[in-house]
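Input: a single structure, listed below in structure tokens.
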Amino acid sequence: MEISPAFADVRPTPWSGRYDGDGNEHRRWWQAVAPHTPDVAAPAGTGAGPRPAVVVGFRSDEGVRRNQGRMGAAAAPEAIRQALGPLAFHLDRDVSDAGDIVVEDGSLEAGQERAGRLVSELLDAGNLTVLLGGGHETAFASYLGVAGSQAVASGKRLGVLNLDAHFDLRDEPAPSSGTPFLQMARAEAAEGRELNYAVVGISEPNNTRTLFDTADRLGVKYLLDEDCSAEAVQDFVARFLDTVDVLYLTIDLDVLPASVAPGVSAPAAYGVPLPVISAVCKQLGASGKLLHLDVAELNPEFDIDSRTAKVAARLVNTLLAQV
């Protein structure tokens with residue numbers, strides 16, 4: 001039976017930004033990003049230059065609501081696009097926008113499945129996929145997409161790296177923004193695999209003993225926020241990369257100090273400095289192993305001068321600039 005292609009719930013709209021001219025020397029993101037069409041990417045495995053990147057939005061704060069957080073993350077994809085739009089475009093890869101998956105009326109699980117299917121198809125077409133959340137329930141949508149891809153089906157070793165103040169390993173009756181990595185662990189176990197999961201930036205006061213015990217039981221590798229010197233993080237990430245063939249990176253913006261990222265569901269009292277997080281992004285982007293990435297937990301309603309959205313945009317730009 002032929003399976004019909006997956007599409008976003010909402011098709012992309014034109015981006016906007018400062019206009020300085022039409023030549024490449026003036027080009028900004030809003031001028032470079034085109035609506036995605038299925039024939040944009042080269043066939044997987046052709047090795048014909050950097051993979052095109054495809055942006056997909058995941059408009060959801062249902063997971064945050066279930067996790068008793070402050071609402072507003074559903075507006076994040078548009079805020080990140082608005083912050084990306086005016087940035088000068090120095091990338092050596094094509095970037096397109098496939099539109100948004102929209103979670104409405106509490107239907108989180110269905111939305112995650114739709115997003116996962118779309119990400120899988122984009123990955124199998126040879127793209128680097130970028131999912132803009134949304135609360136951190138975005139991560140399970142990402143996982144469904146990555147786990148359903150040909151890369152993982154062919155036996156490549158998958159690693160999940162989370163830049164986050166929280167483990168998000170809660171064991172709850174209903175999935176939420178606090179449960180995605182326990183969901184991943186159980187899904188991997190059902191396939192006869194172990195989840196290879198690492199976290200940079202864990203805040204000890206913001207994770208209960210139960211969460212640390214769960215992390216230890218699952219073999220999660222982690223680095224506490226207070227231990228995140230540039231050298232320690234670089235070494236931690238390098239050792240993790242040695243254990244994987246393909247990488248899924250998820251950035252929860254609450255890994256950053258509240259002064260840098262005030263517009264999140266749960267602002268960090270301590271956090272990992274932005275230069276350290278940026279260096280990680282450069283390291284991962286240059287590794288050749290990055291399969292998929294997402295950015296989660298931006299809450300524009302609580303942002304100050306679009307500060308957090310601009311940080312999210314800068315990190316996406318940094319990751320995609322590496323080839």
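The hydrophobic cluster containing Val64 does not contain Leu169, counting ILVMFWY residues as joined when their side-chain heavy atoms lie under 4.5 angstrom apart, directly or transitively. Side-chain heavy atoms closer than 4.5 Å link hydrophobic residues (I, L, V, M, F, W, Y) into clusters, and following such links, possibly through other members, connects Ile80 to Leu91. Linking Ile, Leu, Val, Met, Phe, Trp and Tyr whenever their side-chain heavy atoms come within less than 4.5 Å puts Val260 and Val316 in one cluster. Linking Ile, Leu, Val, Met, Phe, Trp and Tyr residues whenever their side-chain heavy atoms come within less than 4.5 Å places Leu87 and Leu320 in a single cluster. Cluster membership check: Leu161 shares its hydrophobic cluster with Leu274, using side-chain heavy-atom separations under 4.5 Å among Ile, Leu, Val, Met, Phe, Trp and Tyr.
Counting heavy atoms from C-beta on, the side chains of Val237 and Leu284 come closer than 4.5 Å. His166 is listed as a side-chain neighbour of Asn207, based on a closest heavy-atom distance under 4.5 Å. In this structure the side chain of Phe140 never reaches within 4.5 angstrom of the side chain of Glu109, judged on heavy atoms. Counting heavy atoms from C-beta on, the side chains of His26 and Asp22 never come closer than 4.5 Å. Using a 4.5 Å cut-off on side-chain heavy atoms (C-beta onward), Tyr248 and Ser142 make contact. For the pair Ser177/Glu297, a side-chain contact is recorded, criterion being any heavy-atom separation below 4.5 Å from C-beta on. Looking only at side-chain heavy atoms (C-beta outward), Val311 and Leu256 come within less than 4.5 Å of each other. Looking only at side-chain heavy atoms (C-beta outward), Phe167 and Asn162 stay at 4.5 Å or farther from each other.
Under 4.0 Å is where a charged nitrogen must lie from a carboxylate oxygen, and between Asp9 and Arg59 no such pair does. Salt bridge annotation for Lys310-Asp303: absent, with no cationic side-chain nitrogen under 4.0 angstrom from a carboxylate oxygen.
Asn67 contributes atom CG, which lies 7.5 Å from atom OG of Ser265 (distance to the nearest 0.5 angstrom). In this structure, Leu218 CG and Met184 CE are separated by 12.0 Å, a value rounded to the nearest 0.5 Å. Rounding to the nearest 0.5 angstrom, the gap separating the OG atom in Ser278 from the CG atom in Asn317 is 9.5 Å. With values rounded to the nearest 0.5 angstrom, Glu188 atom CD is found 7.5 Å from Glu191 atom CD. Here the straight-line distance linking atom CZ of Arg81 with atom CH2 of Trp29 works out to 11.0 Å at 0.5 Å rounding. A distance of 12.5 Å separates CG in Leu132 from CD1 in Ile101, rounded to the nearest 0.5 Å.
Using bins of under 30°, 30° to 60° and over 60° for the plane-to-plane angle, the ring pair Phe181/His136 lands in the perpendicular bin.
Residues Ala268 and Asp254 approach most closely at CB-O, 3.3 Å, considering heavy atoms. Of all heavy-atom pairs spanning His292 and Val146, the tightest one is CB-CG2, 3.7 Å. Residue Gln322 comes nearest to Arg93 through the heavy atom pair O-NH2, 2.7 Å, listed as atom of the first residue, atom of the second, then distance. The shortest non-hydrogen separation linking Pro12 to Asp97 is CG-O, 3.2 Å. Of all the heavy atoms in Asp61 and Ala74, the pair that sits closest is OD2-N, 3.6 Å. The two residues Leu290 and Leu293 come nearest to each other via the heavy atoms CD2-CD2, 3.8 Å.
With hydrogens and angles disregarded, no donor-acceptor distance shorter than 3.5 Å links the side chain of Asp305 to the backbone of Arg307. Side-chain atoms of Glu78 do not come within 3.5 Å of backbone N or O of Gly57 as any donor-acceptor pair. In this structure, Arg51 contributes its side chain and Gly126 its backbone to no donor-acceptor pair below 3.5 Å.
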* Determine, step by step, whether Leu108 and Arg65 satisfy the side-chain contact (heavy atoms from CB on, under 4.5 Å) criterion, reporting the C-alpha distance in whole Å, the side-chain angles of both residues, the deciding distance to 0.1 Å, and the verdict. => CA-CA 11 Å; Leu108 172 59; Arg65 185 193 68 77; over 6 Å; no
* What do the steps show when you test Leu163 against Val272 for side-chain contact (heavy atoms from CB on, under 4.5 Å), and what is the final call? -> CA-CA 9 Å; Leu163 309 183; Val272 180; over 6 Å; no
* To do: Check the pair Leu249 / Val280 against side-chain contact (heavy atoms from CB on, under 4.5 Å), numbers first and verdict last.
  => CA-CA 10 Å; Leu249 169 67; Val280 170; 5.5 Å; no
* Are Asp213 and Arg217 close enough, and set up right, to give a side-chain contact (heavy atoms from CB on, under 4.5 Å), and what steps lead you there? -> CA-CA 6 Å; Asp213 289 345; Arg217 175 172 55 83; over 6 Å; no
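For Arg66, the CZ atom sits in a packed shell: over 12 heavy atoms of surrounding residues, nucleotides or ligands are nearer than 6.0 Å. For Asp216, the CG atom counts as densely surrounded, since its 6.0 Å shell holds more than 12 non-hydrogen atoms of other residues, nucleotides or ligands. Dense packing is recorded around CD of Glu25, with more than 12 heavy atoms of other residues, nucleotides or ligands lying under 6.0 Å away. Residue Lys289 places its NZ atom among more than 12 non-hydrogen atoms of other residues, nucleotides or ligands, all under 6.0 Å distant. Around atom CZ of Arg18, no more than 12 heavy atoms belonging to other residues, nucleotides or ligands sit under 6.0 Å away. No more than 12 heavy-atom neighbours from other residues, nucleotides or ligands sit within 6.0 angstrom of CZ on Arg314.
Between the side chains of Gln183 and Thr179, a donor-acceptor pair is found at a separation under 3.5 Å. Defined by atom type and a distance below 3.5 Å, a donor-acceptor pair is present between the side-chain atoms of Thr250 and Asp294. A donor atom on one side chain and an acceptor atom on the other are found under 3.5 Å apart for Asn196 and Thr243.
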Return a table of donor-acceptor pairs under 3.5 angstrom between the side chains of residues 222-236 and protein atoms on other chains or two or more places apart.
| residue | atom | partner | partner atom | Å |
| --- | --- | --- | --- | --- |
| Ser229 | OG | Ala232 | N | 3.1 |
| Asp235 | OD2 | Arg239 | NE | 2.9 |
| Asp235 | OD2 | Arg239 | NH2 | 3.2 |

